[in-house]
2 protein chains.
Amino acid sequence: MPQGVEWVLHCAWVIAAVPSGVPISCRNLAEYHGVPDAYLSKQLQALVRAGILVATGGPRGGFRLSRPAEEITVADVVEAIDGSSSLFFCTEIRKRGPDVLPPDCHRQACGIATVMRDAEEVWRAQLSRTTVADLVDSAPQEARQRAVRWAALLKASGPPARGASG
Amino acid sequence: MPQGVEWVLHCAWVIAAVPSGVPISCRNLAEYHGVPDAYLSKQLQALVRAGILVATGGPRGGFRLSRPAEEITVADVVEAIDGSSSLFFCTEIRKRGPDVLPPDCHRQACGIATVMRDAEEVWRAQLSRTTVADLVDSAPQEARQRAVRWAALLKASGPPARGASG
DNA sequence: GGATGCTTACTCGGATAGACAATGTCCGAGTATGGAGGG
DNA sequence: CCCTCCATACTCGGACATTGTCTATCCGAGTAAGCATCC
C-alpha cells in the first residue's frame, strides 16, 4: 500500500475540516504535514483524476473537495491512489501444467480466487463505511481547531503581496 | 500482494488433496502448476519457516502439511508469504509539521489509522474463515481426482531408479 | 473614478532519476535411498 | 539369508542477478490576482 494513501487521507481530512471552500495549495498541505510537496502533488493529482478533488491554478489556487465530505468514502481515496487493482490477482495456474482438465471444469472460479475476492470485498466494504466527514467528526476537537487556525493564518498571509519584493 | 501467495495456496491445496502423507517435492509441484521451481522453492521455504509445512530432504523427500488441513487457514498462508506487516502503515504524520499539538492530544490512535486497521482486521478475519480443507472440499470433484491421479503416478515412477542410468 | 490590459508570481501537471522490494535463477549442504559386500 | 557400509542422486536451503514499482524531484504550461494605464 503506497505511503501516499496516508498523506492524501490526512489532506482530505484537513480540507474538509476547514469550513470555507477556499482551495488549499499543495505546498501548504505539504508543510502542514511535513512531507515533500513535490511528491504530495503527484498524489493529489490522482485524487483530481478520480474526481474527488478539484484543482484551481494561479494565486490563491489549490485543491478543494469536489463534493460534500459526507459523500467521499475512505475507499474512494484508497482506490484513487492504489488503483482499483485487486490485492490478489488470480493467474489461473490451475489451467497450466500437465494433463489439465477440460475447460468445462473451470466454469466456476477457483476456490482460492473466490476466498481472496470475498476477503477483499469485505475490506473495501469496511473502508466504504467511513467517510471523510466521519474522520473530521471523530477527530479530537483540538485537531480540528488546529486546522482551522492554520487555515486562517494562510488567508491572512495569503496572497504573498508581490509588491513587497518588486 | 506477492504472486507467490497464489502458488503456495495451490500447492497447499494439492498437498492436502493427496490422501497419504507422502511428501511432494518442490519440483513436482512446480511442474504440476507450470511455474518456475526455483522460485516456488523460495515460497515454500517461507511456509516451512511459518510452521505450516514440513520439509524432508533426500530422495522421496518433499513437503507435507505440519498439521491437519482443517487447522491451516488461508490467512496463515498469506501471512507466511506476505509477512504480518499491515497493508497500511501509519507514520503518524499528525505529529509532524508546524505547531503540532501536545502529545496528550495524540493519546488515542488517529481516525485514519483506526479505519485502515479495522478494515484489515475484517480482511484477515475473512481469510481466517476458510481453511485449506475447505478449499479441497469446495473444489470440483474432477480437480481433486486429477491431483490424486497425478500423485499416484509420482509414486509409480517415484524414486527414479538410479540403477537405470549408472 | 471606473474599466481594461499587462505583468507577475503562484499554482497545478506531467516528464524525469533513484531506491527498494519482488521476481527469477543458480549452486552448495544435507539426507534417505538403493545396492554391494561381508558375516 | 541378514546386517552393515558406501556411493549416489535427489532434496531443501540460502546466496546472487534482474525487473518493476514506489519514492522523490525537477521544470514547464496555465491561471487568477494585482497594479498601472487609459478613458
Side-chain angles (χ1 to χ4, degrees), chain A residues 1-8 11 22-31 34-50 53-64 66 81-83 85 87-89 91 154-155 157-166, chain B residues 1-8 11 15 22-31 34-50 53-64 66 81-83 85 87-89 91 93 154-155 157-166:
Chain A
M1 170 95 52
Q3 183 92 28
V5 171
E6 183 186 10
W7 300 359
V8 298
C11 288
V22 176
I24 304 180
S25 74
C26 174
R27 193 166 58 81
N28 288 136
L29 285 169
E31 278 180 13
V35 299
D37 58 349
Y39 186 37
L40 179 62
S41 168
K42 198 179 188 56
Q43 313 296 340
L44 293 176
Q45 282 173 38
L47 263 67
V48 172
R49 272 193 294 271
L53 295 184
V54 172
T56 314
R60 297 223 190 201
F63 297 90
R64 62 185 171 78
S66 71
I81 300 294
D82 200 28
S85 64
L87 300 177
F88 176 87
F89 184 70
T91 59
L154 285 186
K155 265 196 272 189
S157 69
R162 101 179 204 288
S165 67
Chain B
M1 170 95 52
Q3 183 91 28
V5 170
E6 183 185 10
W7 300 359
V8 298
C11 288
I15 294 174
V22 177
I24 304 179
S25 74
C26 174
R27 192 167 59 82
N28 288 137
L29 286 170
E31 279 180 12
V35 298
D37 57 349
Y39 188 35
L40 179 62
S41 168
K42 200 179 187 58
Q43 313 295 341
L44 293 175
Q45 282 173 38
L47 263 66
V48 172
R49 272 193 295 271
L53 296 182
V54 172
T56 314
R60 298 223 191 201
F63 297 90
R64 60 184 173 78
S66 70
I81 299 295
D82 199 31
S85 64
L87 300 177
F88 176 86
F89 183 70
T91 59
I93 69 175
L154 284 187
K155 265 195 274 190
S157 68
R162 100 180 205 288
S165 68

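Chain identifiers are assigned alphabetically (A, B, ...) following the order of the sequence lines, protein sequences preceding nucleic acid strands; residue numbering begins at 1 within each chain.
Residues A/Val22 and A/Leu154 fail the side-chain proximity criterion, which asks for heavy atoms closer than 4.5 Å.
Here B/Asp37 contributes atom CG and B/Lys42 contributes atom NZ; the two are 13.5 Å apart, rounded to the nearest 0.5 Å. Taken from CD in B/Gln43 to SG in B/Cys26, the straight-line distance is 9.5 Å, to the nearest 0.5 Å. Summarising the geometry, atom CG belonging to A/Leu53 is positioned 10.0 Å from atom CZ belonging to A/Arg64; distances are rounded to the nearest 0.5 Å.
Per the geometry, CD1 belonging to B/Ile81 stands 15 Å off C1' belonging to C/dA21, to the nearest Å. Atom CD in A/Gln45 sits roughly 13 Å away from atom C1' in D/dG28 (whole-Å rounding). When the P atom of C/dC12 is taken as reference, atom CG of A/Leu44 falls 8 Å away, rounded to whole Å. A/Phe89 places its CZ atom 14 Å from the P atom of C/dT23, with the value rounded to the nearest Å. Spacing between atom CG of A/Leu47 and atom P of C/dC12 amounts to 13 Å, rounded to whole angstrom units. The interatomic distance linking B/Arg27 (CZ) with D/dA9 (C1') rounds to 11 Å, in whole Å. Between the C1' atom of C/dA9 and the CG atom of A/Asn28 lies a distance of 15 Å, rounded to the nearest Å. A straight line from CG of A/Leu53 to C1' of C/dT11 spans 15 Å, rounded to a whole angstrom.
Results of the side chain to side chain contact (heavy atoms under 4.5 Å, CB included) test with B/Phe63 over B/Ile15, B/Leu47, B/Val8 single out B/Ile15 as the only residue that passes.
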Collect all protein-nucleotide pairs involving nucleotides 29-32 of chain C in which both atoms are nitrogen or oxygen and the distance is under 3.5 Å.
| from | atom 1 | to | atom 2 | distance (Å) |
| --- | --- | --- | --- | --- |
| C/dG30 | N2 | B/Gly58 | N | 3.4 |

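Evaluation of the side-chain contact (heavy atoms from CB on, under 4.5 Å) rule for A/Thr91 yields A/Phe89, A/Ile93, A/Arg96, B/Gln3, B/Glu6 as partners, not counting sequence neighbours. In terms of the ring pair (Phe, Tyr, Trp, His ring centres under 6.0 Å) criterion, B/Phe88 has no residue partners (sequence neighbours excluded). Residues satisfying the side-chain hydrogen bond (donor to acceptor under 3.5 Å, both in side chains) criterion with A/Thr56, sequence neighbours excluded, are absent altogether.
Taking every heavy atom of both residues into account, A/Pro23 and A/Gly61 meet most closely at CB-C, 3.9 Å.
Using a 4.0 Å cut-off, no side-chain N or O of A/Arg64 falls inside it from OP1 or OP2 of C/dT11.
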How would nucleotides 15-27 of chain D be written as a contact map, 5' to 3', with B for base contact, S for sugar-phosphate-only contact and - for no contact, using protein heavy atoms under 4.0 Å? B-------BBBB-

